[in-house]
Each structure stands twice: as structure tokens, then as C-alpha cells.
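Accompanying notes for the structure given below.
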2 protein chains.
Amino acid sequence: MAEATLQSQTRADEAFDCLQTAIVTGELGPGEKIGELELCSRFNLTRGPLREALGRLESRGLLVRRPHAGVKVVSVSASELLELYRIREVMEGLAARQAAERMTDEEIAELQATLDSHEAMIEQAQGQAYYQAEGDYDFHHRIATGSRNAKLAQMLLGDLYYMVRMYRYRLSTSAGRPHLALGEHRRIVEAIAHRDGELAEFLMKRHINAARQNIEKKIEEGVLTI
Amino acid sequence: MAEATLQSQTRADEAFDCLQTAIVTGELGPGEKIGELELCSRFNLTRGPLREALGRLESRGLLVRRPHAGVKVVSVSASELLELYRIREVMEGLAARQAAERMTDEEIAELQATLDSHEAMIEQAQGQAYYQAEGDYDFHHRIATGSRNAKLAQMLLGDLYYMVRMYRYRLSTSAGRPHLALGEHRRIVEAIAHRDGELAEFLMKRHINAARQNIEKKIEEGVLTI
DNA sequence: ACGCTCGGTATTGTTGACAATATTAAGGTC
DNA sequence: GACCTTAATATTGTCAACAATACCGAGCGT
């Protein structure tokens with residue numbers, strides 16, 4: 001069961017975290033119509049905070065709510081995941097460009113260190129798939145915050161990444177190309193270290209584009225259904 | 001006073017609409033620390049739906065909420081508005097490209113008709129500034145929905161445009177170049193009509209870039225303060 | 001036998017009261 | 001006189017009961 005993030009500020013935040021992780025991890029299935037009282041008993045909440053959390057989830061597009069008809073988790077399709085990658089391509093391209101212009105030298109050093117640890121983890125091949133995904137999120141997370149563009153970071157970290165994670169869990173879609181991705185990450189960081197925003201943007205767009213094409217290939221192979 | 005949208009489905013939706021318009025139009029000033037009970041009496045609501053609406057507004061970044069410390073409308077700066085335009089540039093560029101690939105011929109015809117009416121309005125110069133802004137939103141709105149990218153449209157229509165409108169009201173920043181903008185709009189629609197996605201994206205990016213530079217110029221002239 | 005209408009039931013939406021916490025001001029001490 | 005401590009207050013967070021609405025099944029009509 002998805003537990004609350006340690007010491008959530010308020011009950012509503014707790015409910016929000018619980019539900020978000022439950023939806024993202026697929027604990028709440030797609031299209032699942034679920035009652036409020038059931039959610040309350042399941043997560044030890046009362047309806048007040050729960051409803052507040054439901055509203056936030058709804059406005060983020062993770063679930064849909066018809067008046068007096070209950071809430072149901074949003075249904076997903078592979079084609080929608082591809083659309084998400086189109087958005088990531090342009091937004092993270094911008095993030096990389098601005099990160100190249102604005103990240104501090106220290107942040108860039110940390111970013112490189114992050115990649116080093118990713119490389120070590122991949123070569124040890126321990127907990128591969130899981131860590132690969134987490135490392136990927138870590139990398140993109142740092143670039144988003146490094147852009148110093150508050151709204152951009154908010155949209156990426158608060159909306160898109162959760163969406164992508166949800167789709168990946170639902171469709172059991174892991175990137176599945178760790179070494180390639182790591183090399184692409186390295187080149188992006190190089191461009192950032194050289195303060196070459198244009199190049200960083202280009203490389204990031206190509207990186208995400210490659211990931212999208214990888215998913216498209218799986219669809220063609222019938223591994224994923226549209 | 002900002003009234004509820006006619007026949008909101010639920011009290012919480014009503015509260016959300018009221019507050020959103022109140023914030024966007026500047027009826028609730030920036031940094032204004034305002035109590036829940038005051039909001040209730042002001043908009044004829046009770047605290048339950050209000051709190052639900054506050055949560056939605058918070059997750060959209062229109063106001064900030066510290067536990068037990070109340071809510072305050074987000075403070076804005078001109079530099080943040082510029083960052084918003086950077087995001088718009090890449091996202092609406094994508095929207096234009098996808099719209100060129102996916103809009104129906106009928107939608108394109110409607111889009112052109114929309115521009116015709118804008119032109120007529122501008123030449124009559126009646127209610128210029130207001131209509132200019134509304135027409136601009138109408139244009140960008142149609143392209144966002146025409147992209148057939150649900151999440152992209154949601155982010156543009158549900159988040160970014162409200163943000164931009166808020167900043168514009170707060171900073172009294174109207175675009176102030178109606179004829180230029182109309183010409184740029186026409187070229188974008190031409191590209192879409194020719195199903196030239198690449199060109200549509202390029203033109204849209206340049207269009208928004210020009211609007212951003214216009215704001216930057218105002219900042220340099222001291223009209224806007226950072 | 002099938003479809004439609006109508007009422008019961010369960011769920012959601014809303015309300016008001018209760019409890020917990022941050023802010024504010026006053027008082028005391030250094 | 002300035003700073004810290006402490007208590008009163010007002011505001012927020014939470015909870016449980018009430019009202020409104022949609023869903024579901026039974027009864028009736030065709």
C-alpha cells in the first residue's frame with residue numbers, strides 16, 4: 001500500500017501524495033471507478049482532506065470526476081504517451097538551453113557526479129531497470145531545476161514527469177537502452193559545461209526524440225497497444 | 001465583483017472560477033494575504049468548496065499557501081513574464097506544427113474567418129485594446145485545441161494562458177502591435193492551410209518571440225519594472 | 001417480452017462545529 | 001532600551017452530520 005510521504009505538512013498533502021503514488025504505480029487501475037469512502041478507509045483519511053486532494057489530482061489530469069457520479073482514474077493509451085514525449089521534447093529542450101546559460105559551476109559538477117554514479121550502477125547491473133529509471137528521472141530533474149525557470153520546472157516536475165511515470169507503469173514501458181541513454185546524457189552535460197545552450201537544446205531534443213522512437217518501435221512490434 | 005460562470009456544475013467549480021478570474025483580473029492584488037472567511041463572505045461560499053478551490057489554484061501556481069498561515073496571491077515580476085513567453089514559444093510552436101498536421105479543413109476555414117473578423121475589428125478600432133487581447137487569445141486557443149494533443153492543450157489553456165493574462169493585467173502590459181500581430185497570425189494560418197508543420201512551428205515561435213522582445217523593450221524603456 | 005417510468009438507495013456535495021497551530025502583543029528580564 | 005518568553009487570539013485544518021443528486025431495480029404499460 002502506498003504510504004504517506006514522511007511527515008506531510010497536512011492531511012490533504014498526505015492524501016495527495018498517497019493518491020498520486022497509488023495512481024502512478026498502478027495500484028489504482030485505469031478507468032477504475034472508486035468511491036470516496038473506500039479511499040478513506042484505504043488510506044486512513046477523512047473525506048474533507050480527501051476531496052481537496054481529489055480536486056488537485058483532477059486539475060492535474062490524473063483522474064476525472066463527474067458531479068455526483070464519482071471519480072475514476074484516467075484511462076491511458078500508448079498514443080497519448082507519444083504525445084507526452086512530443087511535449088517533453090520541446091520543454092526539456094528549453095530547459096537544457098536555459099540550464100546551460102544559468103546553472104552554477106557547482107551544479108554542473110554535481111550533475112557530472114550524478115552521471116558517474118549512474119554509470120557505475122549500470123555496469124554493476126544491479127537493480128538495473130529500477131535504478132535506470134530513477135537515474136533518468138534524477139538527471140532530468142536536475143536540468144529542470146537548473147533552468148531557473150520556475151514555471152517550466154513546475155510544469156515538468158509537477159505535471160509531466162508524474163504523467164510519464166504513470167504511463168510507464170501502466171504500459172510496463174521501460175526505456176531499455178541504458179548505455180545509449182547514458183552516452184546521450186554525457187553529451188548534454190558536456191554542452192551545458194561549455195555553456196553552449198543551443199547545442200544542449202539540440203541534444204536534449206534528440207535524446208527525447210530517440211526515446212519516443214523507441215516506444216514507437218515497440219508499438220510497431222506489437223509489444224504496446226495503441 | 002467577479003461573478004461565477006453561469007451554471008457552474010458544483011460549488012467548488014464556482015469557487016474556482018470566481019477566484020481564478022479575481023486573481024487574473026487583479027481584483028485580488030499580488031501578495032495580498034487574505035483569509036478564508038473573508039473570501040467566503042466575498043463570494044458567498046462556504047469553506048469546504050472554497051478550500052477545494054484553493055487547493056486547485058495552489059497546484060496551478062496562482063497562489064501560495066503555508067500551513068496555518070493562510071493563502072496569499074502569488075507575487076509577479078516582469079522577468080517571470082518573460083520566462084512564461086519562453087515556455088509559450090516552444091509549446092505553441094509544437095501546437096502549431098501539430099495543428100498543421102491534424103486540423104480539419106473546416107477548422108482551418110473557421111480559423112481564417114476568425115482572423116477576418118479580427119481584422120475588421122482592428123480597422124474599426126473599436127474597443128481596440130480589449131478586443132485585440134481577446135482576439136489574440138481566441139487565435140491561440142484554436143491552435144492549441146487544433147493540435148489534438150490533449151495534454152498540450154490542457155497545459156496551454158488551463159495553466160499558461162491564465163498565467164499570461166494575470167501578468168498582463170498586473171503589469172498593464174498589452175501587446176500593442178495589433179497590425180503586426182495580425183499579419184503574423186495570417187502567415188501562420190497560411191502555413192497550417194498548406195499543411196506545412198515545420199513552417200507553422202517556425203512562424204509561431206518567431207511570433208511569440210517578437211511579443212517577448214516587445215516586452216523586453218518596454219522593460220528597457222523603464223515602462224515595466226523587473 | 002421489451003421498454004419506460006418511478007421510487008428507493010447509496011454516493012456525492014455541502015454545511016457547520018470542533019481542534020490544532022501560527023501570529024500578535026504584552027510582560028518580564030538582561 | 002532591546003530581546004526573549006509567554007499567553008491570548010484569530011485563523012487554519014479537521015471532522016462528522018445533513019441535504020442533494022445520480023444510479024439501480026421493480027413495477028407498469030404497451
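Per chain, numbering begins at 1; letters A, B, ... match sequence-line order.
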Distance check, rounded to the nearest 0.5 Å: L171(A) atom CG versus M166(A) atom CE?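 Reported to 0.5 Å precision, the distance equals 9.0 Å.
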Point-to-point distance, once rounded to the nearest 0.5 Å, from NE2 of H207(A) to CZ of F139(A):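 These two atoms lie 6.0 Å from each other.
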Indicate the atoms forming the closest heavy-atom contact of L156(B) with A95(B), along with that distance.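 Nearest pair, atom of L156(B) first, then A95(B): CD1-CB, 4.2 Å.
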Let me know the distance between [atom1] of [X] and [atom2] of [N], rounded to the nearest Å.
| X | N | atom1 | atom2 | answer |
| --- | --- | --- | --- | --- |
| Q9(B) | dA20(D) | CD | P | 18 Å |
| L39(B) | dT11(D) | CG | C1' | 12 Å |
| R51(A) | dA16(D) | CZ | P | 16 Å |
| N44(A) | dT14(D) | CG | P | 14 Å |
| E36(A) | dT21(D) | CD | C1' | 13 Å |
| R11(A) | dG13(D) | CZ | P | 14 Å |
| E52(B) | dT12(D) | CD | C1' | 17 Å |
| R65(B) | dT12(D) | CZ | P | 10 Å |

Does this structure show an ion pair linking E36(B) with R51(B), if we count only N-O contacts that are shorter than 4.0 Å?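 Between R51(B) and E36(B) there is a salt bridge, with a charged N closer than 4.0 Å to a carboxylate O.
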Test: E101(A) and R86(B) ion pair at under 4.0 Å: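 A salt bridge is absent here (no side-chain N lies under 4.0 Å from a carboxylate O).
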Against R56(A), only a single residue in D159(A), D13(A), D17(A) fulfils salt bridge (charged side-chain N to carboxylate O under 4.0 Å, His left out); can you say which?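 Option passing the salt bridge (charged side-chain N to carboxylate O under 4.0 Å, His left out) with R56(A): D13(A).
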For [N], take OP1 and OP2 only and decide whether either is under 4.0 Å from a side-chain N or O of [X].
| X | N | value |
| --- | --- | --- |
| R66(B) | dT11(D) | no |
| R47(A) | dC15(D) | no |
| T46(A) | dA16(D) | no |

Tell me whether E221(B) at atom CD has more than 12 heavy atoms from other residues, nucleotides or ligands lying less than 6.0 Å away.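 Enclosed.
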Quick one: which of dA22(D), dT14(D), dG13(D) gets closest to the side chain of P67(B)?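 Ranking dA22(D), dT14(D), dG13(D) by closest atom to the P67(B) side chain puts dG13(D) first.
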Reading DNA chain C 5' to 3', which nucleotide is the first, and which the last, to come under 4.0 Å of any heavy atom in chain B?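 On DNA chain C, the outermost contacted nucleotides are dG13(C) to dT23(C).
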On DNA chain D, check which nucleotide each of G35(B) and G48(A) is closest to and give me the residue with the more 5' one.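 Of the two residues, G35(B) wins.
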Find which nucleotide of DNA chain D each of P49(A) and H68(A) is nearest to by heavy atoms, and output the residue with the more 5' nucleotide.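 Result: P49(A).
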